[in-house]
Amino acid sequence: MANMRTSLVIEGMMCMKSCGTTVQNALKGVPGVIDVQVIYPPGNAIVTHTSAASATDLIDAVEIVGFGAELEGGGSPDGGVELMETGGDYVVLDVEGMMCQKSCGTTVHNVLMSVDGVTKTVVSFPHKSAHVWGSASVAELIDAVEMVGFDAAHHTATPLPPVPSVDPPPKPKPKPKPKVQPAAQKSTTTTSTGPTGVATLSISGMSCASCVRNIEKNVVGQKGVVGMRVALLAEKAEVTLDMSTGVTEEEVVGMITELGYGAKVLQRVADSSGSNKGGQVVNLEVLGMSCASCVGKVEKGLRKLGPEVTSASVNLTTSRAKIVLEEGSTIGARDLVECVKSMNYEVTVVNDDSMPDPDSIEKASMHEVDKWRRLLTLSLLFTVPVVLIHWFGMGGHAGHFFDTPLGCHKTLNLREVLMVVLVTPVQFWVGGHFYRTAYMGARHGNLGMDALIVLGTTAAYAYSMAALFIACADPRHEPHVFFETSAMLITFVSLGKLLESVAKGKTSSALTMLMRLQPQTALLLKPTTSNAYAAAAAAIEGATDAAAKRDAVSDGVGASDGRGRTGSGVAAGPILDLNGFEESEIAIGLVQVGDLVRVLPGARMPADGDIVSGSSYVDESMITGEPLPVPKSTGDAVFGSTINQNGAIVVRAKAVGSDSALSQIVKLVEEAQMTKAPIQDFADRIAGIFTPVVITLASLTFIMWFGLAEAFMLP
């Protein structure tokens, strides 16, 4: 039985000692596995095994221990790419102009697979070749390659270049892992037969778990809403929408507003199925279009960028353009922007939702804190005098002063009048928030904590006012008032609301600090001459070779520092000659995978990538917590938003936007805030019935004591 070697890309590893050992042990436990080599960085696993162990078995073993895994080159686990045994005649093409395997190789592979009659294609960047199986003619294959900007010729010399062991087709969209939800949370989802999308909303005005339950109960099940998760402390909600119903985020905001809460859209829906499946969606705002001819011009120009542009639609009324790109496309937002600008239109990217805006999060938090600080201050200004009158105005000279009769058969004195004047603003001005929220909740059958506050304070205030009116009408009754109870309750609750809003602000402060680490601009290097293109290709290939050598060292060939260096300090890397390169400063949202960016000393890395020129020390404490700068040279991986210390380097971007490590960390924190533990969801359900139970018990108590009093049976 022949042995096979499978190369896996492992996602989520942060170190070799712990993460690498875990992955290695998991793979060794698969029946049929002979040997496992785990390499970090960059995060690969090379497995030698028999046919008893399939690629699916290996991937499952890695995912069970909490890491992501896929075949290197993006092949299908069921496609048998571990061992190349494809038979039949094939054509070999010499392909010139490729600068890398991931981007250029994928482009050539895609265009060759689109030719009629082609059954399989293997593209090799190191050998500058393409092996094609099928019935297509050589002329058709050469024309297809030349259409995407590369030179191709039929390879007729001997020996033929070797067939690579792994296909590099574009990476398939990873299969979504089913989310395990407690049974109690299943009530906030419904089934959907159409394409779905997830929108993120900001919700204000929630005071307790009962509010969360109220929103989820009344919104889920409405037109187009198939699921919802609400986070009380984060004041956010993730809403799953059925896109086939045509429901919009604004309609969901209206549903929440009708319940008495404030809501606004933070992130709009990105379709998770349908025509956009497996692709990237870029939305642009195009200004300067005046007629339908302009719309057609823009759409036609965008489609001409290449077959990777799946669709391009422009709306003249909203001045928006929606472009759908293939998964793994080499075309990015910058290419689209430059294309539209070349037509003399103003254009901006409007869908950079890789991370929420930290300014808007901080502004919303400060607004909530300022609101309750004002209400608490106002409440204290009126409540403190009420308490002083109640405590110190009952005897002595002060008592005589406050007992001064003012009318109503001398039963109404100065004390009661002052309390009415001071407590009324607290009850209806400061407490107005509780009245509004309780009313909106009652309209939809929900009685939360605000309803209890309103009932308690209103009972004390209304009873006191009734006692005063009865005393004025009948001098035989001496009024017993409880105005101070109403004012003190509202004041204490307002204090609690202020402390709660401060706590909410602190929960998001760490998140906003993370998001502010991302740089706003990057220095893009674009080769403008053939020599510059050649230099860039050589630098990329040299960085790949350097990384491979370090991986071999870290795999046991000689002592190293854990990063593949046998010496101390930072190894001097080759310097890329920047003659023939055009340097320009661009917005961070326009950086694309494969771009060469220059990082100056003291600047933050604009994207995750590999160093292709230069050497430096990099502060990675925000990612790893390591206090000392890490030496980096050609071939080493760097993370976006980490700080370059003392040397100018050139980095080739590998992960940008929502794919960067920083964005993934932010998403994990947000996901943690949105996720409910089973006990928390149980508490939410209890809170939903807490107020009705309390009101029922209070009513039964009143009826019992009233009946005893009427029957003269009081104990």
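Position 1 is the first residue of the sequence, and the numbers go up from there. Basis for what follows: all heavy atoms, side chains included, without hydrogens, waters or symmetry-related copies.
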Would you say the side chain of Phe581 lies within less than 4.5 Å of the side chain of Thr529, judging by non-hydrogen atoms? no
Report yes or no: do Ser616 and Asn646 form a side-chain donor-acceptor pair below 3.5 Å? yes
Distance (rounded to the nearest 0.5 Å) between Ile643 CD1 and Ser641 OG: 9.5 Å
Would you mind reporting whether Leu525 and Glu582 have side-chain heavy atoms less than 4.5 Å apart? no
Under a 4.5 Å cut-off applied to non-hydrogen side-chain atoms, are Thr310 and Leu325 in contact? no
Under the salt bridge (charged side-chain N to carboxylate O under 4.0 Å, His left out) definition, can you give me all pairs with a residue in residues 585-596, not counting sequence neighbours? Arg334-Asp595
Flag yes if more than 12 heavy atoms outside Gln520 fall under 6.0 Å of its CD atom; otherwise flag no. no
Hits for salt bridge (Lys or Arg N to Asp or Glu O under 4.0 Å) against Lys341, two or more places apart or cross-chain, chain-then-number order -> none
Under the rule for side-chain hydrogen bond (donor to acceptor under 3.5 Å, both in side chains), what residues qualify as partners of Gln592, not counting sequence neighbours? Asp335
Below 4.5 Å, heavy atoms only, C-beta onward: do Asp151 and Val95 meet side chain to side chain? no
For the residue pair Asn644 and Leu600, establish whether any side-chain heavy-atom pair is separated by less than 4.5 Å. no
Kindly compute the distance separating NZ (Lys300) from CE (Met343), expressed to the nearest 0.5 Å. 10.5 Å
4.5 Å side-chain heavy-atom contact, Leu596 and Leu524: no
Check: Pro629 main-chain N/O paired with Gln645 side-chain donor or acceptor under 3.5 Å: no
When you compare the side chain of Lys236 with that of Leu201, does any pair of heavy atoms fall below 4.5 Å? no
Sorted by chain and number, sequence neighbours left out, side-chain hydrogen bond (donor to acceptor under 3.5 Å, both in side chains) with Asp143 holds for none
Among residues at least two apart in sequence or on other chains, which ones pass side-chain hydrogen bond (donor to acceptor under 3.5 Å, both in side chains) with Glu583? Arg598
For the backbone of Lys322 and the side chain of Asn283, can you confirm whether one donor and one acceptor N or O come within less than 3.5 Å of each other? no
Note: Lys632-Glu620 ion pair, threshold 4.0 Å (strictly below): yes
Any pair counted as salt bridge (charged side-chain N to carboxylate O under 4.0 Å, His left out), so long as it reaches residues 609-619, sequence neighbours left out: Asp610-Lys654
Output the distance between atom CD1 (Ile10) and atom OG1 (Thr22), rounded to the nearest 0.5 Å. 11.5 Å
Return yes when atom CD of Glu146 has more than 12 non-hydrogen atoms of other residues, nucleotides or ligands closer than 6.0 Å, and no otherwise. yes
Any heavy-atom pair between the side chains of Val638 and Asp608 that's under 4.5 Å? no
